[in-house]
Every structure is written in structure tokens, then in C-alpha cells.
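Shown next, in C-alpha cells, is the structure this report addresses.
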4 protein chains.
Amino acid sequence: MSLAQQPLLRKERERLAKRQEIVNAARQVFAQKGYDHATLDEIAAKAEFAKGTLYNYFDSKETLFREIVSAMLDDLARIAEVAMEGGGSLRERFLRYATQTMEYHKKNEDLQRILARELNRMQLEVGLVPIMQRLRGIADILGSALKKEINKRTIVREEPTELAFVFLGMVHNRTLRRSFEGKGLSEFEPEREAHFLVQLFFQGCEVA
Amino acid sequence: MSLAQQPLLRKERERLAKRQEIVNAARQVFAQKGYDHATLDEIAAKAEFAKGTLYNYFDSKETLFREIVSAMLDDLARIAEVAMEGGGSLRERFLRYATQTMEYHKKNEDLQRILARELNRMQLEVGLVPIMQRLRGIADILGSALKKEINKRTIVREEPTELAFVFLGMVHNRTLRRSFEGKGLSEFEPEREAHFLVQLFFQGCEVA
Amino acid sequence: MSLAQQPLLRKERERLAKRQEIVNAARQVFAQKGYDHATLDEIAAKAEFAKGTLYNYFDSKETLFREIVSAMLDDLARIAEVAMEGGGSLRERFLRYATQTMEYHKKNEDLQRILARELNRMQLEVGLVPIMQRLRGIADILGSALKKEINKRTIVREEPTELAFVFLGMVHNRTLRRSFEGKGLSEFEPEREAHFLVQLFFQGCEVA
Amino acid sequence: MSLAQQPLLRKERERLAKRQEIVNAARQVFAQKGYDHATLDEIAAKAEFAKGTLYNYFDSKETLFREIVSAMLDDLARIAEVAMEGGGSLRERFLRYATQTMEYHKKNEDLQRILARELNRMQLEVGLVPIMQRLRGIADILGSALKKEINKRTIVREEPTELAFVFLGMVHNRTLRRSFEGKGLSEFEPEREAHFLVQLFFQGCEVA
DNA sequence: AATGAATGAGTTTTCATTCAT
DNA sequence: CATGAATGAAAACTCATTCAT
């Protein structure tokens with residue numbers, strides 16, 4: 001790395017750090033107030049910038065919001081990919097997926113609330129793809145793992161993605177409800193919960 | 001019924017009919033735009049009344065919204081009660097519940113979208129009770145039916161309401177996703193879907 | 001009086017009685033809320049008529065208000081006239097005027113507040129004459145009584161109406177302040193107060 | 001003063017100047033139309049700002065109004081204090097008070113009209129204290145000066161604040177009426193008027 | 001880059017007045 | 001005459017976005 005590049009890199013790094021400050025502030029505010037009631041004033045105050053400064057980093061409130069949601073969806077897709085790619089039985093892989101997804105929600109309770117609140121805006125294109133389609137992408141990842149078992153006739157003959165959506169829904173519901181019940185997720189035990197859901201789901205799917 | 005009463009009754013009926021016009025218009029707009037982006041202008045236009053007229057029937061946008069959500073929650077609770085009270089095996093009763101709930105969502109696609117969108121406003125008190133608590137009430141109805149089986153050790157020992165929430169979530173997710181995928185529910189087959197979910201859920205819950 | 005006229009007269013009397021009901025209700029509401037915040041809804045409710053019915057008796061809110069203010073100004077002018085026309089010394093006549101004016105305010109505390117509140121609308125023409133000019137008419141009545149004494153050089157050479165306005169102002173201020181201090185006028189003693197003001201005014205006006 | 005501070009001070013000064021522009025515009029509009037009929041549209045237009053800009057300086061119409069009334073009451077109280085604190089006989093001090101108060105009203109004709117119009121809103125708390133109580137504060141200042149003379153038995157034994165209110169009322173009435181008669185105060189002569197009122201009041205109060 | 005003042009379109013709500021029954 | 005539903009013109013307030021400094 002040349003010395004001449006260093007200052008540029010530092011500047012670049014600083015810029016990115018500031019950008020991230022804004023994103024973090026926005027996440028909190030969006031999670032707490034929802035998209036519509038979140039104000040740039042509040043986000044700017046929390047990020048300790050002037051309101052106008054936000055526009056040096058983001059084109060609009062919408063852009064800022066999409067970036068946050070998009071990053072979350074990327075994370076969730078990655079979790080699914082990694083869990084499915086790893087070794088082990090199908091149950092083990094789904095257990096990993098469920099555990100890690102719920103851990104992610106526990107660690108990022110605000111993000112989870114954003115997604116829930118903005119089912120609201122589900123038609124909204126995030127990046128270029130509608131949120132729902134992004135979720136379908138995740139379901140597909142789980143689905144293609146299921147497909148092999150379906151073909152082996154060990155689990156019910158259902159369209160794999162549909163089946164995956166059932167599981168995905170169970171996982172998300174589980175944390176979501178806790179969050180909305182107002183108690184927070186501090187005592188939520190992802191691993192225990194994951195076991196329960198995996199057991200129920202796979203026993204339920206077994207061919208009788 | 002005396003002749004003298006007739007006009008009063010007619011007036012009363014007409015008033016209620018108009019009120020319902022407004023509610024119907026509002027349901028559509030709330031479902032399409034969400035609470036915050038729904039404007040009274042649009043609701044009034046759709047109901048074919050002047051904006052001010054809405055205020056002869058409802059105190060505020062909030063009131064109108066709450067009435068809609070509250071009525072839906074009443075309906076959903078009623079469906080659960082009736083399904084559980086009727087005779088038949090536990091599976092049969094859950095089948096009825098699932099079928100009828102999904103039929104309700106199919107018939108009232110807009111209402112379902114409102115509930116989903118306004119998980120957003122879940123903390124909001126509707127009537128006097130937070131939405132989440134109303135949902136818990138429904139889960140309790142299903143839960144107390146499950147309790148007996150749990151006691152008989154034929155299904156897994158889990159807290160009954162928690163278990164019921166799993167089922168409730170499966171049912172709602174099922175229609176919700178279809179609705180958000182944009183294809184509409186016209187080809188959705190509640191009975192078939194209900195069978196699938198009941199089978200999966202109960203087989204999943206069986207004590208191994 | 002012919003028999004044929006009787007029913008008409010009864011109808012007429014009933015109509016006037018209803019009209020008066022409205023006026024009375026309006027007085028209370030205007031006094032309590034002020035012109036702008038008084039609503040026809042509230043007036044109608046207090047008068048136990050439907051809102052639309054008010055328009056069978058008055059052309060507009062404004063008309064109704066003017067009638068009330070105008071009647072009050074008529075009363076106040078009458079009090080001044082009668083007090084000045086009666087016999088006795090100038091002091092005695094002014095004492096009567098002050099006593100009766102303050103008694104009127106005590107009896108009609110709401111009216112007094114209306115006048116005070118709607119100094120606000122003083123430019124407003126009531127009937128055809130601006131309120132301020134009506135008050136000047138009252139001052140003139142007092143003034144022409146003062147004029148004779150001024151000519152006799154027993155009291156200061158000032159323009160009589162101006163001098164009268166000083167007294168008129170003293171009298172109105174006296175009750176007005178009590179009313180706005182929120183204690184009500186129930187313990188207000190017009191006669192005692194009148195003596196005090198008359199003494200101060202006339203001693204103050206004496207030629208040194 | 002450091003050079004670095006200069007820009008800050010200039011900004012600050014400009015901000016205050018703009019704020020004052022708004023206050024001045026509001027004073028005129030409130031005086032002309034009264035609180036309720038004054039619109040922010042009109043105030044903004046007169047101040048040559050957009051409507052929204054007002055909200056960068058004031059929280060609400062109410063706040064703006066209160067600031068104006070409160071400042072006026074501060075001024076009036078200050079005038080009373082200064083007049084009473086200065087040397088000279090009691091008459092001389094009251095002469096100063098009356099002259100300066102009437103000069104203030106002459107210079108700020110709009111303010112005086114606001115106070116009069118909004119006797120209307122007298123119950124309203126301005127700052128933290130009801131208007132009426134603020135006026136009583138002024139009367140108290142005059143009253144404590146009167147108290148000494150009352151104790152010396154040179155003027156009538158009346159409660160000093162009550163007596164002061166009589167004088168205060170005479171002074172305000174004097175300018176107020178002129179203003180409402182529509183001729184304006186351009187030819188009003190505070191000093192001459194003050195002499196007249198002081199002479200009348202003190203001669204009237206002398207112990208016979 | 002950072003600032004924060006200025007903007008103005010958009011929204012809910014109120015209420016005098018009208019009018020069909 | 002009595003009713004009360006319908007109307008629509010205001011009006012206060014919010015806030016994303018722009019832009020001069």
C-alpha cells in the first residue's frame with residue numbers, strides 16, 4: 001500500500017465511519033418510531049450531525065431506510081446460506097439456521113422491529129428487489145435443502161419453498177411476538193427455542 | 001311494530017348504512033396505504049362523502065381506525081370461540097378454526113393487510129386493550145383446548161398458549177404471505193391449506 | 001281583540017318564547033367561551049333545539065350575537081337615562097346610575113363578560129351603530145347632566161362627555177375586574193361601591 | 001472581542017433580528033385581528049417569511065402570542081417601578097407613571113389593543129402567571145406608594161391596591177377609548193392627560 | 001464537508017351554513 | 001317549523017429537502 005494512498009484511505013475510512021454513525025442512529029430511530037414517524041431531525045440529533053449533513057451521505061430518508069433494511073436482509077440471507085452449506089443432517093442444518101437467525105434478532109432487536117413494522121412497506125423495493133422477493137430468496141435457500149429429503153420421500157411432498165416458508169415464519173414469529181409483548185428479548189434463549197421449532201417442524205413433516 | 005316507529009328505524013338504518021360506507025372505504029384505504037399514509041381526503045372520496053362528513057360519524061382518524069381493527073379482532077376471536085366450542089376431536093376443531101380464519105382473511109383481504117401493516121402500531125390500544133393482548137386472548141382460546149391433550153400426555157408438554165401461538169402464527173402467515181406476494185387470495189384454498197397446517201402441527205406435537 | 005286573532009297571538013308568543021330560549025342559551029355560551037369559541041352546536045344543545053332550527057330565528061351567528069350585545073347596550077342606556085331623569089342632586093343621580101349599572105352587571109355577570117371579551121369586536125357594528133358609539137351615547141347622557149354643573153363653575157371645566165367617560169370607565173372597571181379575578185360578583189356590594197366612586201369622582205372634579 | 005467570535009455574534013444578531021421581525025409582524029396582526037382571527041399565514045406574509053419558518057423561531061401561535069403579551073406586561077411593570085422609585089412627591093411620581101404609561105401606549109398602539117382585545121383571554125397564563133395577576137402586580141407597586149399616605153391619613157382609608165386599580169383603570173381607559181374610537185393616538189397628549197387624571201384622582205382621594 | 005435557516009406542500013380537524021325530509 | 005346530515009373553506013402544524021454560508 002503506497003504512502004500516497006494513506007491519507008486518502010484515512011479520509012475514506014473517516015467518511016465511512018461517519019456514514020455508519022448515521023446508519024446506526026437511523027436504525028434506532030426507525031425501530032423505535034417506525035419509518036413515518038422517524039424524523040431526520042431526530043436521526044441527525046442522535047448521530048450528532050446537523051440535519052443537512054445527512055444529505056451528504058444519503059440522497060433521501062428513503063435511501064437511508066432502504067440501506068438499513070437491505071443490509072439486514074443480506075445478513076439474514078447469509079445466515080441461511082452458511083447454515084445450509086455447513087455439514088450435518090438436515091435437522092442439524094435447520095437447527096443452526098434457526099439458532100443463528102434468532103440470535104441475530106436478539107442481538108439486533110431494533111432491526112427485527114423495523115422489518116415487522118415495515119411489512120407495512122413490503123411492496124417497497126429495497127435496493128431493486130421487493131422485500132417479499134428477498135424473503136423468498138431466503139426461503140429458497142432453505143427449500144433447496146428440503147428438496148432432497150422430499151425426493152427421498154422421508155418428508156411430506158410439498159413444494160419445498162412453501163414448506164421452507166412455514167419454517168421461516170415459525171422462526172420469525174417466535175422472536176417477533178416476544179419483542180412486541182414488550183418484555184424484550186434479553187431472556188430469550190435462541191438455542192432452546194430452535195430445538196423446539198425444529199423438532200415440531202420435522203416431526204410434523206415426516207411421512208406418516 | 002307501530003307505523004310511527006317506521007321512519008325512525010329507517011333513518012337509523014340509513015345512518016348505519018352510511019356509516020358502514022365510510023368504514024368500508026376506510027378499510028380499503030388503510031389496507032392499501034397503511035394508517036399514516038391513508039388520508040381522510042382519500043377515504044372521503046372513496047366513500048363519496050365530503051371530508052367534514054366523516055366527522056359526523058367518527059371523532060377522528062384514530063377512532064375510525066380503531067373501530068376497524070377492533071371489529072376484526074372481535075371477528076377473529078369469535079371464530080376461535082365457535083370453532084373450539086363445537087364438537088369433534090381436537091384436530092377437527094383446529095381444522096375448523098384454521099379453515100374459517102383463512103376464509104375470513106380471503107373474504108377480507110384488506111383487513112388482513114391492515115393487521116399486518118399495523119403490527120406497526122401494535123402497542124396501540126384498540127378499544128382499551130393493546131392489540132397484542134387481544135391476540136393473546138385468541139391464543140388462549142386455542143390454548144385451553146390444547147391443555148386437555150397436553151395433560152393427557154398425547155401432545156408435547158409446552159405451555160398451551162405458547163403452543164397455540166405457534167399454530168396461530170402458522171395460519172396467519174399462510175394467508176399473509178400470499179397477500180403480500182401480490183397475487184391476491186382468489187385462488188387460495190382455505191380448506192386444503194387448513195388440512196396441511198393441522199396435519200403438520202399435530203403430527204409435530206405428538207409425543208414421540 | 002278579536003277571537004280570530006287569538007291563535008295567531010299565541011303562536012306569536014310561543015315563537016318569541018322559543019326565540020328567547022335561544023338568546024338565553026347564546027348569552028351563556030358567548031359569555032363563557034367568547035364569540036369565536038362559542039359554537040352553534042353548543043348553543044343549540046343548551047337551548048334544546050337542533051342546530052338548524054337556530055336559523056329559523058336568526059340569520060347567522062353574528063346576528064344572534066349582535067342582538068345580545070345590542071339589548072345589553074339598550075339596557076345600559078336606559079339605566080343611564082332613568083337615573084339622570086329622576087330627581088335629586090347631581091351626586092344623587094350619579095349614585096343611582098352607578099348603583100344600578102353595577103347591579104345590572106351583578107345580575108347579568110355573563111353579559112358583562114361578553115362586553116369585556118368583545119371589546120375585541122368593538123369596531124363591530126351592532127345594529128347599525130358601532131359599539132363604541134353606543135357607549136358614547138351613554139356617556140353623553142351622563143355628560144349633559146354634568147354640563148349644567150360645569151357651566152355653574154362648580155366642577156372642572158372639561159368637555160362633559162369626556163368627564164362622563166371617566167366616570168363610566170370607573171364604574172365598569174370596578175365590576176369587570178372582580179369578574180375577571182375569578183371570584184364572581186356574589187359578594188359585590190353595588191351600593192357601597194357606588195358611594196365610593198361617586199365621592200371620589202365628584203370630590204376630584206370640584207373646582208379647587 | 002476575538003475575531004473568531006465575530007461570525008457567531010453576527011449570526012446570533014441576525015437570528016434575533018429575524019425573530020424580532022416576526023414578533024413585530026405578529027404584534028400588528030394580533031392587534032388588528034385579535035388572537036383567534038390572526039392567522040399564521042398573514043403573520044408570515046407580513047414578516048416576509050414562509051409559514052413554516054415561523055416554527056423555527058416559535059413553538060406555536062400561542063407561544064408567539066404569549067411572548068408579546070408578556071413583554072408588554074414586563075414593560076408596564078417596569079414603568080410603574082421606575083416611576084415609583086424616582087424621587088418627588090406622591091403626585092409627581094403618579095404623574096410620571098401616568099405620563100409614561102400613556103406614552104408607551106401611544107408609541108405601541110397595537111400592543112395596547114392586544115391587551116384590551118385579550119382581556120378576552122385573561123384567564124390565560126402568560127409565562128406562568130395569569131394576566132390578571134400580572135396587572136395586580138402593577139397595581140401593588142402603585143399601591144405600596146399610596147399606603148404611606150393612607151397611613152398619614154391624608155388620603156382616604158381604602159385598601160391601597162384597590163385604590164391603585166382605580167387609578168390604573170383611569171389611565172388605561174383613557175388611551176384605550178381613544179384607540180377604539182378609531183382616530184388613533186397621534187394627537188393624544190400624554191402629559192396633559194396625565195395632569196388631568198392625577199389632579200382628579202388625588203383631589204378625589206383627599207380626606208375631606 | 002458541515003451547517004441550520006428557509007421552504008411549502010400536505011394533513012387533520014373545526015364549524016357556520018345549507019337543505020332535503 | 002324542526003331536524004340533523006352534508007358541506008367545504010379555513011387554519012395550525014410537520015417535516016423532508018434545498019441551499020447559501
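Quick note on labels: first sequence line is chain A, next is B, and so on, each numbered from 1.
Rounded to a whole Å, the CG atom of D:Leu16 is 11 Å from the P atom of E:dA5. Between B:Leu54 atom CG and F:dT7 atom P there is a gap of 10 Å when expressed in whole angstrom units. Between the C1' atom of F:dA2 and the CD1 atom of C:Ile22 lies a distance of 11 Å, rounded to the nearest Å. What separates CD of B:Glu12 from P of F:dT3 is a distance of 17 Å, to the nearest Å. Per the geometry, CD belonging to A:Glu14 stands 14 Å off C1' belonging to E:dA2, to the nearest Å. A straight line from NZ of C:Lys33 to C1' of E:dA16 spans 16 Å, rounded to a whole angstrom. The interatomic distance linking C:Glu21 (CD) with F:dC1 (P) rounds to 15 Å, in whole Å. Taking atom CG on C:Leu64 and atom C1' on E:dC15, their separation rounds to 15 Å, with Å as the unit.
Relative to the six-membered ring of C:Tyr55, C:Lys61 misses at least one condition, a distance below 6.0 Å or an angle of at most 45° to the axis.
Dashed line: the shortest gap from a side-chain N or O of D:Lys18 to OP1 or OP2 of E:dA6 is under 4.0 Å.
Taking C:Glu109 as the reference, nothing meets the salt bridge (Lys or Arg N to Asp or Glu O under 4.0 Å) condition, with sequence neighbours excluded. Evaluation of the side chain to side chain donor-acceptor pair (under 3.5 Å) rule for A:Asp110 yields no partner, not counting sequence neighbours. A search for side chain to side chain donor-acceptor pair (under 3.5 Å) contacts involving B:Gln28 returns nothing, not counting sequence neighbours. By the side-chain contact (heavy atoms from CB on, under 4.5 Å) test, A:Gln20 is found to be paired with A:Val23, A:Asn24, residues two or more places apart in sequence or in another chain being considered. With sequence neighbours excluded, no residue forms a salt bridge (Lys or Arg N to Asp or Glu O under 4.0 Å) with D:Lys46. Partners of C:Arg15 according to the side-chain contact (heavy atoms from CB on, under 4.5 Å) rule, which considers only residues two or more places apart in sequence or in another chain, are C:Tyr57. Remark: A:Lys51 pairs with A:Asp41 by the salt bridge (Lys or Arg N to Asp or Glu O under 4.0 Å) rule, at least two apart or across chains.
Base pairing in DNA chain F gives the following stems of 3 or more Watson-Crick or G-U pairs, range against range and under 3.5 Å: E:2-21 with F:2-21.
Within the nucleic acid shown, C:Phe58 has no heavy atom closer than 4.0 Å to any nucleic acid atom.
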key: Footprint string (nucleotides 11-17 of chain F, 5' to 3'): B base within contact, S backbone only, - free, heavy atoms under 4.0 Å   = SSBBSBB

